[in-house]
There are 2 protein chains.
Amino acid sequence: MGLRERKKAETRAALSWAALRLTVERGLDNVRVEDIAEAAGVSPRTFNNYFSGKGEAIVARHLDRCLRVADVLREDPEEPLWDAITRAVLTQFAPDAAATAHPVADTAQWVTGVRMMLAEPALRGEMLRAGAVAEAEIAAAVGDRTGTAPERDLYPHLVASAVMAATNTAMAHHLRSDPPVPLGPLLADALAQLTAGLPAP
Amino acid sequence: MGLRERKKAETRAALSWAALRLTVERGLDNVRVEDIAEAAGVSPRTFNNYFSGKGEAIVARHLDRCLRVADVLREDPEEPLWDAITRAVLTQFAPDAAATAHPVADTAQWVTGVRMMLAEPALRGEMLRAGAVAEAEIAAAVGDRTGTAPERDLYPHLVASAVMAATNTAMAHHLRSDPPVPLGPLLADALAQLTAGLPAP
DNA sequence: ACGCAAAGATGCGGATTCCGCAAGATTGAG
DNA sequence: CTCAATCTTGCGGAATCCGCATCTTTGCGT
């Protein structure tokens with residue numbers, strides 16, 4: 001990767017991280033595009049060369065994680081489908097390696113801010129939209145594994161959307177819970193129930 | 001219901017229908033709030049008293065249908081959970097009673113327009129957000145039936161999000177297919193596979 | 001090492017959207 | 001019949017998003 005692409009990736013990362021941090025700190029309505037651009041060290045106009053709006057910038061990291069799930073699903077075609085799915089999801093969402101790169105001073109305050117952020121309807125929509133984009137990739141990967149065609153068969157899309165639904169539900173429960181329930185077991189539990197057919201308890 | 005509430009409901013319906021029709025006909029970017037308001041016979045400012053934006057108006061009917069699924073789920077607590085769910089979803093989405101109220105001249109062109117509309121990322125997000133709003137209601141209804149608490153248990157949210165995922169997937173497949181596959185069987189199939197645990201084919 | 005073509009960053013201006021506020025009109029209850 | 005609550009509307013401002021023109025930076029061939 002040349003200097004050009006690296007700088008572009010850095011700018012994108014700086015913008016999305018700044019957007020996320022400022023939104024968690026102040027709330028969506030108290031962050032202007034101008035603020036995000038300033039925090040990332042670029043002009044406001046440049047922000048719109050990378051993202052169409054605040055929302056897209058904020059969920060960019062979530063989108064990346066979801067897309068990497070599809071990548072992991074393409075790695076070992078021999079592994080049973082749901083084993084691979086569980087492994088892929090846990091890898092991307094459980095330890096949250098991304099958070100390690102941006103340590104947060106006050107964890108409690110951060111969690112509160114994230115809750116506020118996801119209470120915003122616009123952000124929820126943006127988040128789900130990102131999941132839908134990734135869903136197409138996941139469906140393609142599932143199609144490759146199972147010999148089904150996403151254009152013709154319902155199965156791969158159904159699996160992909162169910163996986164994203166389970167992931168979203170587990171994350172929502174993680175954020176709702178107090179004291180917080182670890183995300184990893186929640187994700188594993190949700191996917192296990194899904195493969196068991198969601199029988200009435 | 002008094003005159004006041006009826007007129008309000010009528011204005012809301014007129015606005016959402018106008019928003020949907022104009023968007024399907026011209027594409028999202030070629031419809032301004034002003035146009036929608038004019039088609040509904042109110043001032044542009046009034047539009048914003050009902051909806052926060054074009055997207056919310058357009059998906060208002062979808063949201064209503066999803067919310068009615070939750071209502072149906074509260075009707076007969078004796079029926080097995082998944083039977084009730086399947087019945088509720090098919091009732092609201094299969095025959096599309098809402099479309100009967102607004103007959104479309106050129107069906108083929110309408111379908112094309114709807115495809116274009118849902119290709120718009122912003123609309124996809126809005127649609128999913130509406131589904132998420134309804135999800136809370138559905139989760140509550142499932143919680144009542146199964147004796148689980150949405151605040152404490154993963155199960156009701158998991159079922160609700162899985163149902164919405166299956167519904168969305170079936171609708172997407174219906175719109176993708178050519179010649180069109182009837183929506184009813186697709187919905188039934190998707191929900192059946194979900195209860196079967198999505199085994200690899 | 002040099003210079004050129006491609007790609008990105010920036011500033012400006014316009015169109016649009018969304019919301020708060022205040023005034024006028026309509027409805028429903030007493 | 002009267003009045004308070006509610007709804008509608010116009011105005012104005014803040015913010016967003018995008019096209020266009022210009023300037024700077026990067027990558028590559030010579």
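Hydrogens, waters and symmetry mates play no part in the numbers below; they use all other heavy atoms, side chains included.
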**Item:** Candidates V163(A), V89(A), I85(A) - the one meeting side chain to side chain contact (heavy atoms under 4.5 Å, CB included) with L73(A)
**Value:** I85(A)
**Request:** Without swapping roles, check the side chain of H102(B) against the backbone of W17(B) for a donor-acceptor pair under 3.5 Å.
**Result:** no
**Message:** Tell me which pairs pass salt bridge (charged side-chain N to carboxylate O under 4.0 Å, His left out) where either residue lies in residues 30-42 of chain B, with sequence neighbours left out.
**Reply:** R26(B)-D35(B), R32(B)-D35(B)
**Prompt:** Ignoring hydrogens and geometry, is there a side-chain-to-backbone donor-acceptor pair from Y155(A) to L198(B) under 3.5 Å?
**Reply:** yes
**Atom pair distance, as rounded to whole Å: CD in E5(B) and P in dT6(D)** = 11 Å
**Asked** R152(A): what forms a side chain to side chain contact (heavy atoms under 4.5 Å, CB included) with it, not counting sequence neighbours?
**Response** A149(A)
**Asked** Okay, side chain of N168(A), backbone of M164(A): is any donor-acceptor separation there less than 3.5 Å?
**Response** yes
**Item:** Partner residues of D144(A) under the salt bridge (Lys or Arg N to Asp or Glu O under 4.0 Å) criterion, sequence neighbours left out
**Value:** R74(A)
**Message:** Just to be sure I understand the geometry, which residues of residues 122-129 of chain B put a non-hydrogen atom under 4.0 Å away from DNA chain D?
**Reply:** none
**Asked** For the side chain of H62(B) and the backbone of A130(B), is there at least one donor-acceptor N/O pair under 3.5 Å apart?
**Response** no
**Asked** According to a strict under-4.0 Å criterion, is S43(B) in side-chain N/O contact with OP1 or OP2 of dT9(D)?
**Response** yes
**Prompt:** Nearest-Å distance, CZ (R12(B)) to P (dT8(D))?
**Reply:** 12 Å
Between protein and nucleic acid, restricted to nucleotides 18-22 of chain C and to nitrogen or oxygen atoms under 3.5 Å apart, what atom pairs and distances do you find?
residue, atom, partner, partner atom, Å
dC18(C), OP1, S52(B), O, 3.4
dC18(C), O5', S52(B), O, 3.0
dG20(C), N7, R45(B), NH2, 3.0
dG20(C), O6, R45(B), NE, 2.5
dG20(C), O6, R45(B), NH2, 3.4
dC21(C), N4, R45(B), NH2, 3.3

**Prompt:** Given atom OH of Y50(A) and atom P of dG8(C), what is their separation to the nearest angstrom?
**Reply:** 8 Å
**Message:** Which residues pass the side-chain hydrogen bond (donor to acceptor under 3.5 Å, both in side chains) test with E25(B), not counting sequence neighbours?
**Reply:** R21(B)
**Message:** Using whole Å, what does the distance between atom C1' of nucleotide dT8(D) and atom CG of L15(B) come to?
**Reply:** 12 Å
**Complete:** Residues passing the side chain to side chain contact (heavy atoms under 4.5 Å, CB included) test with E56(B), sequence neighbours excluded, are F51(B), S52(B), E126(B), R129(B)
Report all interatomic pairs (protein N or O, nucleotide N or O of nucleotides 21-24 of chain D) with separations under 3.5 Å.
none

**Request:** Could you tell me which residues satisfy side-chain hydrogen bond (donor to acceptor under 3.5 Å, both in side chains) with S177(A), sequence neighbours excluded, listed by chain and number?
**Result:** none
**Item:** Residues forming a side-chain hydrogen bond (donor to acceptor under 3.5 Å, both in side chains) with S16(B), sequence neighbours excluded
**Value:** none
**Complete:** To the nearest angstrom, the CD-C1' distance between E34(A) and dG11(C) comes to 13 Å
**Asked** In whole angstroms, how far is the P atom of dT17(C) from the CZ atom of R32(A)?
**Response** 22 Å
**Prompt:** Is any side-chain nitrogen or oxygen of K8(B) closer than 4.0 Å to OP1 or OP2 of dT6(D)?
**Reply:** no
**Of residues 22-30 of chain A, the positions that come close to DNA chain C - non-hydrogen atoms, cut-off under 4.0 Å** = none
**Item:** Whole angstrom value for the distance that separates P of dT16(D) from CG of D35(A)
**Value:** 8 Å
**Asked** Sub-3.5 Å donor-acceptor pair from the side chain of T46(A) to the main-chain atoms of V42(A), do we have one?
**Response** no
**Request:** Under the side-chain hydrogen bond (donor to acceptor under 3.5 Å, both in side chains) rule, collect the residues that match up with E79(B), sequence neighbours excluded.
**Result:** R87(B)
**Request:** Rounded off to whole Å, could you give me the NZ-to-C1' distance for the K7(B) and dG28(C) pair?
**Result:** 14 Å
